[in-house]
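None of the values given here were measured: they were computed from a predicted structure.
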Amino acid sequence: MRLLRRLVVAIPALLVGSIAAFAATIGGTYFAPQYDFREFWAATDGKQFQVVLDGNPFPGIDQAVVARDLLPMMQAAKPRPALTFTYAEPSPPSRPNYRLVLIFDPANDLNADPVCAGGQIRHRPQQPGRFYVYAIYCRNDRMLSYTTAWTQATGPTDPRIERLFRELFRVIFSEQQNRFAVVDPMLR
């Protein structure tokens, strides 16, 4: 009977802890056939990687302050290559031009390829207290992968945002997506 009571008390505590650890929700993910994690690694390891922000997830806070506060959160949650996130455009422009575009509160019908090609970005009305981002990994004017993520957040320094980026980067820069990772042994 004591064991049963301990389990009744322990299980909810474990569930609350696991929910807090995974505070972000990741939407559907798409990878272009050209996506290859090894290419991402080669393009970013030991280099600066441009992030383009569009929109302001916290309209009551100056956009420059939001951008300043988000950059260290992204850096703390960065994927495995030794990259450094930056908002600065590379000079001279790199070819191919790899970048991550983060759109806050995008329109529901916004497509990734036109965003990478420099097309118009549309937004939907914001929901206060909700950090919603559409992340697109671009190479030149084409999308290589994209997904959405959201969490509740009170401001740009909310720790839930760093957890969101940690989960988001594992998805959008997936190590499981390699063009030639699975080779049929009959083809060798």
### Gln75 (side chain) donor-acceptor with Leu83 (main chain) under 3.5 angstrom
yes
### Task
Could you tell me whether a side-chain N or O of Asp158 sits under 3.5 Å from a main-chain N or O of Thr154, the two making a donor and an acceptor?
yes
### Message
Quick one about Arg139 and Asn97 (side-chain donor to acceptor, distance below 3.5 Å, no hydrogens or angles considered), yes or no?
### Response
no
### Query
Out of curiosity, does Ile136 fall in the hydrophobic cluster containing Tyr30 (side-chain heavy atoms, cut-off under 4.5 Å, transitive links)?
yes
### Task
State plainly whether one hydrophobic cluster holds both Tyr132 and Val52, where clusters connect Ile, Leu, Val, Met, Phe, Trp and Tyr through side-chain heavy atoms under 4.5 angstrom apart.
no
### Message
When you compare the side chains of Tyr98 and Gln50, does any donor N or O come within less than 3.5 Å of an acceptor on the partner?
### Response
no
### Task
Please name the pair of heavy atoms, one in Tyr146 and one in Ala112, separated by the smallest distance, quoted to 0.1 Å.
CD2-CB, 3.6 Å
### Task
May I have the step-by-step check of side-chain contact (heavy atoms from CB on, under 4.5 Å) for Met143 and Asn111, ending in yes or no?
CA-CA 10 Å; Met143 167 278 305; Asn111 292 320; over 6 Å; no
#### Entry: Set of residues satisfying salt bridge (Lys or Arg N to Asp or Glu O under 4.0 Å) with respect to Arg80, sequence neighbours excluded
Glu175
### Query
Side chains of Trp150 and Val133: closer than 4.5 Å at any heavy-atom pair?
no
### Task
Check whether any side-chain heavy atom of Cys116 sits under 4.5 Å from a side-chain heavy atom of Asn140, and report yes or no.
no
### Query
Any link between Phe169 and Leu71 through a network of hydrophobic side chains (Ile, Leu, Val, Met, Phe, Trp, Tyr) touching at under 4.5 Å?
yes
### Task
Given side-chain contact (heavy atoms from CB on, under 4.5 Å), test Arg122 with Asp109 step by step and report yes or no.
CA-CA 9 Å; Arg122 299 175 329 288; Asp109 61 349; 2.3 Å; yes
#### Entry: Sub-6.0 Å ring centroid separation between Phe40 and Tyr137
yes
### Task
Take Phe37 and Phe173 through the ring-ring contact (aromatic ring centres under 6.0 Å, His included) test and state the conclusion after the steps.
CA-CA 7 Å; Phe37 181 76; Phe173 304 120; 8.2 Å; no
#### Entry: Under 3.5 Å donor-acceptor, Lys47 side chain and Ala82 backbone
no
#### Entry: Side-chain heavy-atom pair Gln126, Pro59 within 4.5 angstrom cut-off
yes
### Task
Could you pull out the closest heavy-atom pair between Thr147 and Gly27, with the gap in Å?
OG1-O, 3.3 Å
### Message
I need the minimum non-hydrogen distance between Ile61 and Val65, along with the two atoms involved.
### Response
CG2-CG1, 3.9 Å
### Message
Between Cys138 and Val101, is there a side-chain heavy-atom distance shorter than 4.5 Å?
### Response
yes
### Message
Quick check on the hydrophobic clustering: are Leu100 and Leu168 connected, directly or via other members, by side-chain heavy-atom contacts under 4.5 Å?
### Response
yes
### Message
For Phe104 together with Phe131, are the ring centres under 6.0 Å from each other?
### Response
yes
### Message
Using a 3.5 Å distance criterion without hydrogens, assess whether the side chain of Arg124 forms a donor-acceptor pair with backbone atoms of Asp105.
### Response
no
#### Entry: Heavy-atom check, side chain of Thr151 versus side chain of Thr25, under 4.5 Å
no
### Query
Any salt bridge between Glu167 and Arg163, counting N to O under 4.0 Å?
no
### Query
When rounded to the nearest 0.5 angstrom, what is the spacing between OG1 in Thr157 and CD in Glu162?
11.5 Å
### Query
Within a strict 4.5 Å, meaning less than it, do heavy atoms of the Leu53 and Tyr87 side chains meet?
yes
### Query
Minimum heavy-atom separation for Ile172 to Phe31, with atom names?
O-CE2, 3.7 Å
### Message
Check for me, please, whether Val66 and Met74 land in the same ILVMFWY cluster - side-chain distances under 4.5 Å, paths through other members count.
### Response
yes
### Message
Using side-chain heavy atoms (C-beta onward) and a distance below 4.5 Å, is Ile103 in contact with Val115?
### Response
yes
### Query
Can you list the steps and then say if Leu102 with Asp54 is a side-chain contact (heavy atoms from CB on, under 4.5 Å)?
CA-CA 6 Å; Leu102 298 177; Asp54 194 277; over 6 Å; no
### Summary
Shortest non-hydrogen pair, Leu70 vs Phe165, comes out as CD2-CE1, 4.2 Å
### Task
Would you indicate whether Arg142, at its atom CZ, is surrounded by more than 12 heavy atoms from other residues, nucleotides or ligands within a distance under 6.0 Å?
no
### Query
Does Arg130 reach the main-chain N or O of Pro57 with its side chain, forming a donor-acceptor pair under 3.5 Å?
no
### Task
Could you tell me whether the side chains of Asn56 and Gln63 share a donor-acceptor contact shorter than 3.5 Å?
no
### Message
Which heavy atom of Gly155 sits nearest to which heavy atom of Ile161, and what is that distance?
### Response
O-CD1, 3.2 Å
### Message
One pair to check against side-chain contact (heavy atoms from CB on, under 4.5 Å): Leu144 and Asp36. What are the steps and the verdict?
### Response
CA-CA 9 Å; Leu144 291 175; Asp36 189 338; over 6 Å; no
